[in-house]
Amino acid sequence: MTVLAETPTKPPAGPPSTGNGRLVDLVLRARELSIAGALVVLVVATTIANPRFLSAQGVEDIFLNASILALLAVGQTMVVVTRNIDLSVGSVVGLVAFVTGKFAAGTDRNVLLVILLGLLIGALCGLVNGLLVSFCRVPALVVTLGTLYVIQGIDHYVAHGEQISASDLPSSVLALGNDALLGIPYLPIITVVVMLGIGFYLRSYSSGREFYAIGSNPEAARLAGVPIRRRVLSAYLVSGVLAGLAGVLWLARFGTVVADAANGWELKVVSAVVVGGVAIVGGVGTVYGAALGALLLTTIGSVLVVLKVNPFWQDAITGVLLLLAISVDRLLALRVTRTLKAKSRSRRGRRRANGNGNGNGNGAGDPAGGGPAAPAAATAKEEGNARDEV
């Protein structure tokens, strides 16, 4: 089995382009720029209609509301790029928020202990999902849908109809959701730090690129020696841990928690990830795009309130965005296929030319020449690079 070194690797360079076409290609290929552009247009249009939309308090509320959703979207991205899904994150948030609230209520417990308990509960839920999906080979949709209802049942059993009130929580816990550092609330800071850390790992380390290799071509990744089961398990662990952290932040942000907290948020998280440019079929997308998708959906909700539009339209708008995102993803997938075929034809032409020039056909079996002896890792790498270029 091939062992991949755990060292930072230079991201693959895209194809050269010249003139105005380079800027056009950059805008078309960078999904994050498209989402950011849509977000800017939405904010500008709303500000023109209602100048108070961009008040200091309004901006702070948007970022606070988006922080928890973006944190969950970051964890979900690691799962989705491996061609899996985690539908249990919303129920994990609700369970962690209530259990940690009950643990801290009426006491003066340190906020770090509360966070640690939330991370442990989230990790346990993620471990169960990961083991069932990666080692027991049960479809991810079935597993996480089942654990969603199991965790919800446990949450209602623990709650017994009670609720956690903000007045019962320690000041250190409430401070986590309401205080700020240099004028910036803690919640967005935590989300950005987590997003940057995971984004750097996925982009710069060989083991991080393996998640994309699994989603792009599982068979090629297996032949290349990628530990698929361990990577899928670790993806679910990360998703569970971040859901646990989100549950603690939910408690700190809202204070009052009931058994059905974050009910239905799993669909919001998946929507944010897909709208953010992460392909539902795996192998494509970034945590930055997923976070932008969460910010876009949250901003849409705030815009509807400011413009006094019926909030039920938010679900319809989210559905339209999902359809658009999936359609764009399909078009990009077709473009990836054409790129791969063009590269394959170009390599075959070069090999034939080299073979005719040398007169001995050594290129057919030379691993460096891309012949039959070339390792299967090349397939996953080329496919991943082509997807990155698009």
Side-chain angles (χ1 to χ4, degrees), residues 8-14 25-43 59 62-82 85-86 89 184-185 187-205 207-213 215-216 235 238-239 241-243 245-246 249 268-300 318 321-322 324-326 328-329 332 336 384-390:
T9 57
K10 184 178 180 180
D25 288 343
L26 178 62
V27 173
L28 291 177
R29 293 177 183 178
R31 304 180 182 196
E32 291 84 357
L33 288 180
S34 301
I35 303 166
L39 186 61
V40 170
V41 170
L42 179 65
V43 170
V59 173
I62 290 175
F63 281 104
L64 283 173
N65 293 334
S67 296
I68 297 177
L69 182 59
L71 187 64
L72 293 171
V74 168
Q76 186 75 238
T77 299
M78 290 196 66
V79 175
V80 173
V81 295
T82 64
I85 196 169
D86 187 356
V89 289
I184 304 175
L187 265 64
I189 293 176
I190 293 172
T191 299
V192 169
V193 169
V194 171
M195 177 190 68
L196 292 177
I198 293 181
F200 178 78
Y201 166 72
L202 290 176
R203 182 68 180 175
S204 302
Y205 283 82
S207 58
R209 301 301 297 172
E210 288 174 355
F211 290 90
Y212 290 94
S216 296
V238 171
S239 179
V241 168
L242 293 185
L245 177 60
L249 297 183
K268 289 185 178 180
V269 174
V270 173
S271 300
V273 168
V274 175
V275 170
V278 181
I280 200 67
V281 294
V284 175
T286 66
V287 294
Y288 313 115
L292 280 174
L295 182 60
L296 177 61
L297 294 182
T298 304
T299 304
I300 290 174
T318 301
L321 289 176
L322 275 175
L324 288 175
I326 293 173
V328 170
D329 183 70
L332 291 176
V336 167
N385 289 348
R387 288 174 180 269
D388 288 338
E389 291 168 5
V390 177

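Here, residue 1 is the first one in the sequence, and each next residue gets the next number.
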[atom1] of [X] to [atom2] of [Y]: how many Å apart, nearest 0.5 Å?
| X | Y | atom1 | atom2 | value |
| --- | --- | --- | --- | --- |
| F211 | Y201 | CZ | OH | 4.5 Å |
| L245 | I190 | CG | CD1 | 6.0 Å |
| R209 | S216 | CZ | OG | 8.5 Å |

For a quick test of your reading: what N or O donor-acceptor pairs under 3.5 Å do the side chains of residues 62-81 make, sequence neighbours left out?
residue : atom : partner : partner atom : Å
N65     : OD1  : R253    : NH2          : 3.1
N65     : ND2  : D61     : O            : 3.0
S67     : OG   : F63     : O            : 2.5
Q76     : OE1  : D86     : N            : 2.9
Q76     : NE2  : D86     : O            : 2.8
T77     : OG1  : A73     : O            : 2.7

Original post:
Of the options V89, T191, I198, which is the one that meets L242 in a side-chain contact (heavy atoms from CB on, under 4.5 Å)?
Top reply: I198
Subject >> Heavy-atom closest pair, residues T299 and L295 >> reply: OG1-O, 2.7 Å
Original post:
Does any pair with a residue in residues 274-296 pass side chain to side chain donor-acceptor pair (under 3.5 Å), and if so which ones, sequence neighbours excluded?
Top reply: E32-T286
Subject >> For T82, side-chain hydrogen bond (donor to acceptor under 3.5 Å, both in side chains) partners two or more places apart >> reply: N84
Original post:
How would you list, by chain and number, every residue that makes a side-chain contact (heavy atoms from CB on, under 4.5 Å) with I189, sequence neighbours excluded?
Top reply: L181, I184, V193
